[in-house]
*Asks:* 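Take a look at this one; I'll ask things after.
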Amino acid sequence: MSTSHVDGGQSRVNSRMAGFRNLSPDERRKAVCEATGLSEDSSAVLRGAGSLPLNIADGMIENVIGTFELPMGVAANFVVNGKDYLIPMAVEEPSVVAAASYMARIARDCGGFEASSTSPIMRAQIQVLGLNDPFGARAKVLAVRDDIIASANSRDKVLIGLGGGCRDIEAHVFEDTAVGHMLVVHLLVDVRDAMGANTVNTMAEAVAPLVEKVTGGSVRLRILSNLTDLRVTRARVRLSPESLETKEFSGERIISGIVEACTLAVVDPYRAATHNKGIMNGIDPVVVATGNDWRAIEAGAHAWAARNGRYTSLSRWERDGEGHLVGTLELPMALGLVGGATKTHPAARAALEMMKIESAQELAQVTVAVGLAQNMAAIRALATEGIQRGHMALHARNIAILAGATGNQVQFVATKLASEHDVRVDRAREILSQMEAEES
């Protein structure tokens, strides 16, 4: 089992959790808390003991009547940029956590994942209408660039003190639209460790009067963009043929299958949609577990996938000159450590504590690495035994519970369903009836 150890006065985590899946939920939680040094309070929150009190939920959204829970699992074995991580994932779909952990174990033996990210730059858009000379208005806006930046930065002294703030502006012209000529001014804002929506929206509101005065037009929308193409995170993994070899398939055969599967996703949007959904199967659960905005991440990811006019794969899988499999994933990743549910939701705070994250960029890098691992798991399965074999074996537990199985019955029924390759509720009920008849 994994244990924490000390290096240079700082506690480090070993994410290799041998036998983790065979433990009970309480045993797993205890192991994670011991490995990461989580407090008793955080342990209780992760157990679900009042993880989101109703009074806090009532302040987060409107018309609250209760809370809705998702299972939270932990993906083990991850090494990103040389650092071990135990990664919380809040998700309802079977096989996601197991698949990510298994691929991370393979990657671990090959050096783990490498990841990098750009500065946390968000965009705010200011729409200007009623212009006869949109290009002239654009020139006027760019001429007062410094004044606009100063006006934007006057609204958030705390962000400026942390080294962030509005860095630059852009101005884009759209001619002869359904509402006439249009100028859209962009504020490019370094939001540091925040997701940044509230910050950039406030800045857009602040500079709108100045933009109207300079252009002579009328400002309409003042809102962030979720296509955060200046806030991009990348992950890379390189795997030897030997690390991918199984009893049924050689490593070379698996590499060929993965490259072929990715090629279809690159050229065909029908396959790309499902391929990218598999990537988000890994990314979204981490985003949800840490209290971030998964809808914004989804919107940015799919817009990025279609940024060249055709929807395509977010990832690329290739064979390098030495015959190794190389996977890369690049997409916008606007995550935060401050503000919103990341601070108000107790379970989100515990999840971030578990990961020992020090910056929003680090969180983005780990999250994209999980997406790449999940993608690798999905197309590896497709390229070998098929996606259903492993997925349905895990889904069988859900079917067993739905059929009425409890306690030790769940695993027995699930195992039998999977061995028969017949994962159906009515078959699960037949097995339960047989069990009850034998017991009586």
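As a basis for the values below, the full set of heavy atoms in this structure was taken, side chains included, without hydrogen atoms, waters or symmetry mates.
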*Asks:* Please tell me whether Ser117 and Gln365 have a donor and an acceptor in their side chains that are separated by less than 3.5 angstrom.
*Replies:*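 Looking only at side-chain atoms, Gln365 and Ser117 do form a donor-acceptor pair, the distance falling under 3.5 Å.
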
*Asks:* Side chains of Ile126 and Leu221, heavy atoms from C-beta outward: is any pair under 4.5 Å?
*Replies:*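 They are not in side-chain contact.
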
*Asks:* Look at the side chain of Thr215 and the backbone N and O of Gly217, then say whether any donor-acceptor pair between them is shorter than 3.5 Å.
*Replies:*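 Present.
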
*Asks:* Supply the atom-to-atom distance Arg307 CZ to Thr312 OG1, rounded to the nearest 0.5 angstrom.
*Replies:*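 Taking CZ in Arg307 and OG1 in Thr312, the distance rounds to 9.0 Å.
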
*Asks:* How many angstroms lie between CG in Leu187 and CZ in Arg123, if you round to the nearest 0.5 Å?
*Replies:*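 Those atoms lie 10.5 Å apart.
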
*Asks:* Mind checking whether Arg29 and Asp26 have side chains closer than 4.5 Å, heavy atoms only?
*Replies:*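 Yes, close enough: below the 4.5 Å cut-off.
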
*Asks:* Do Asp41 and Ser39 have side-chain atoms, one donor and one acceptor, less than 3.5 Å apart?
*Replies:*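 Absent: no donor and acceptor within the cut-off.
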
*Asks:* With a 4.5 Å limit on heavy-atom distance, are the side chains of Gln374 and Ile279 in contact?
*Replies:*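 Not in contact.
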
*Asks:* Once rounded to the nearest 0.5 Å, what's the spacing between atom OG1 of Thr367 and atom CG of Leu331?
*Replies:*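 Rounded to the nearest 0.5 Å, the OG1-CG separation comes to 10.0 Å.
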
*Asks:* Decide yes or no on side chain to side chain contact (heavy atoms under 4.5 Å, CB included) for Met60 and Leu52, but give the supporting numbers first.
*Replies:* CA-CA 10 Å; Met60 293 174 69; Leu52 182 59; 3.8 Å; yes

*Asks:* Which value, rounded to the nearest 0.5 Å, describes the distance between Ile87 atom CD1 and Ser15 atom OG?
*Replies:*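 Answer rounded to 0.5 Å: 8.0 Å.
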
*Asks:* Hey, is the main chain of Cys166 close enough, under 3.5 Å, to the side chain of Asn153 for a donor-acceptor pair?
*Replies:*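 At least one qualifying donor-acceptor pair exists.
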
*Asks:* Determine whether a donor-acceptor pair (N or O, by modelled atom type, separation under 3.5 Å) exists between the side chain of Glu362 and the backbone of Glu358.
*Replies:*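 Checking the backbone N and O of Glu358 against the side chain of Glu362, a donor-acceptor pair under 3.5 Å is found.
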
*Asks:* Using a 6.0 Å cut-off, check whether atom NZ of Lys30 has over 12 heavy atoms from anything other than its own residue.
*Replies:*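 It does not: Lys30 NZ has 12 such atoms or fewer within range.
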
*Asks:* Salt bridge (charged side-chain N to carboxylate O under 4.0 Å, His left out), that's the test. Do Glu93 and Lys277 meet it? Break it down for me.
*Replies:* CA-CA 12 Å; Glu93 183 173 335; Lys277 189 267 183 182; 3.1 Å; yes

*Asks:* Supply the atom-to-atom distance Ile160 CD1 to Ser154 OG, rounded to the nearest 0.5 angstrom.
*Replies:*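 These two atoms lie 9.0 Å from each other.
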
*Asks:* Is a side-chain N or O of Glu212 found less than 3.5 angstrom from the main chain of Val219, in a donor-acceptor match?
*Replies:*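 Checking the backbone N and O of Val219 against the side chain of Glu212, a donor-acceptor pair under 3.5 Å is found.
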
*Asks:* Quick one: do Leu363 and Leu352 satisfy side chain to side chain contact (heavy atoms under 4.5 Å, CB included)? Show the steps, please.
*Replies:* CA-CA 9 Å; Leu363 176 59; Leu352 289 168; 4.1 Å; yes

*Asks:* So Pro120 and Asp190, do their side chains get closer than 4.5 Å, heavy atoms only?
*Replies:*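 Asp190 vs Pro120: side chains touch.
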
*Asks:* For Arg16 and Asn77, does a side-chain donor sit closer than 3.5 Å to a side-chain acceptor?
*Replies:*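 Looking only at side-chain atoms, Asn77 and Arg16 do form a donor-acceptor pair, the distance falling under 3.5 Å.
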
*Asks:* Regarding Gln125 and His186, is there a side-chain donor-to-acceptor distance under 3.5 Å anywhere?
*Replies:*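 Note: Gln125 and His186 side chains meet the donor-acceptor criterion.
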
*Asks:* Could you verify whether a donor N or O on one side chain and an acceptor N or O on the other, from Arg319 and Ser256, lie under 3.5 Å apart?
*Replies:*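 Present: a donor and an acceptor within the cut-off.
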
*Asks:* With distance as the sole test, does Trp317 use its side chain to make a donor-acceptor pair with the main-chain N or O of Met376 at under 3.5 Å?
*Replies:*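 Checking the backbone N and O of Met376 against the side chain of Trp317, no donor-acceptor pair under 3.5 Å is found.
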
*Asks:* Okay, side chain of Asp193, backbone of Ala360: is any donor-acceptor separation there less than 3.5 Å?
*Replies:*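 It does hold such a pair.
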
*Asks:* Around Asn198, counting heavy atoms of other residues, nucleotides and ligands shown, do more than 12 lie under 6.0 Å from its CG?
*Replies:*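 Open: at most 12 neighbouring heavy atoms sit under 6.0 Å from CG of Asn198.
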
*Asks:* Given 3.5 Å as the limit, does a donor-acceptor pair link the side chain of Arg222 with the main chain of Arg220, or not?
*Replies:*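 Indeed, once roles are kept as given, a pair shorter than 3.5 Å links the two residues.
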
*Asks:* Just how far is it from atom OG1 of Thr199 to atom CZ of Arg192, taken to the nearest 0.5 Å?
*Replies:*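 Result: 12.0 Å between the selected atoms.
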
*Asks:* Which heavy-atom pair separates Val368 from Leu329 by the least distance, and what is that distance?
*Replies:*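 Residues Val368 and Leu329, closest heavy atoms: O-CD2, 3.6 Å.
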
*Asks:* Please examine the side chains of Thr118 and Arg234, heavy atoms only from C-beta on, and report whether any two atoms are closer than 4.5 Å.
*Replies:*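 Arg234 reaches Thr118 side chain to side chain.
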
*Asks:* Less than 4.5 Å apart, any side-chain heavy atom of Arg238 and any of Glu322?
*Replies:*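 Yes, at least one pair of side-chain atoms sits under 4.5 Å.
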
*Asks:* Do Ser42 and Glu353 get their side chains close enough for a donor-acceptor pair, meaning under 3.5 Å?
*Replies:*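 Note: Ser42 and Glu353 side chains meet the donor-acceptor criterion.
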
*Asks:* Are side-chain heavy atoms of Thr342 and Met195 found at a separation under 4.5 Å?
*Replies:*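 The answer is no; the side chains never approach within 4.5 Å.
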
*Asks:* Tell me the closest heavy-atom pair linking Glu175 and Val173, and the distance in Å.
*Replies:*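 For Glu175 versus Val173, the nearest heavy atoms are CG-CG1, 3.9 Å.
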
*Asks:* Do any N or O atoms from the side chain of Asp133 and from the backbone of Phe135 form a donor-acceptor pair under 3.5 angstrom?
*Replies:*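 Not confirmed, Asp133 side chain does not pair with Phe135 backbone.
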
*Asks:* Would you sort out whether Val288 and Val91 count as a side chain to side chain contact (heavy atoms under 4.5 Å, CB included), showing the intermediate values?
*Replies:* CA-CA 8 Å; Val288 172; Val91 64; over 6 Å; no

*Asks:* Establish, from distance only, whether the side-chain atoms of Ser315 and His275 form a donor-acceptor pair under 3.5 Å.
*Replies:*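 On atom types as modelled, these side chains qualify, holding a pair under 3.5 Å.
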
*Asks:* Do the side chain of Thr290 and the main chain of Val286 share a donor and acceptor less than 3.5 angstrom apart?
*Replies:*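 Judged by distance alone, yes, a pair lies under 3.5 Å.
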
*Asks:* I need the single residue from Val370, Val79, Ile357 that forms a side chain to side chain contact (heavy atoms under 4.5 Å, CB included) with Tyr85. Which is it?
*Replies:*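 With Tyr85 as partner, Val370, Val79, Ile357 yield a single side chain to side chain contact (heavy atoms under 4.5 Å, CB included), made by Ile357.
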
*Asks:* More than 12 heavy atoms of other residues, nucleotides or ligands under 6.0 Å from CZ of Arg108: is that the case?
*Replies:*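 Check passes, neighbour count above 12.
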
*Asks:* Taking the side chain as everything from C-beta on, heavy atoms only, tell me whether Phe174 gets closer than 4.5 Å to His181.
*Replies:*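 No, too far: nothing below the 4.5 Å cut-off.
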
*Asks:* For Ala197, is there any backbone N or O sitting under 3.5 Å from a side-chain donor or acceptor partner on Asn201?
*Replies:*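 Indeed, once roles are kept as given, a pair shorter than 3.5 Å links the two residues.
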
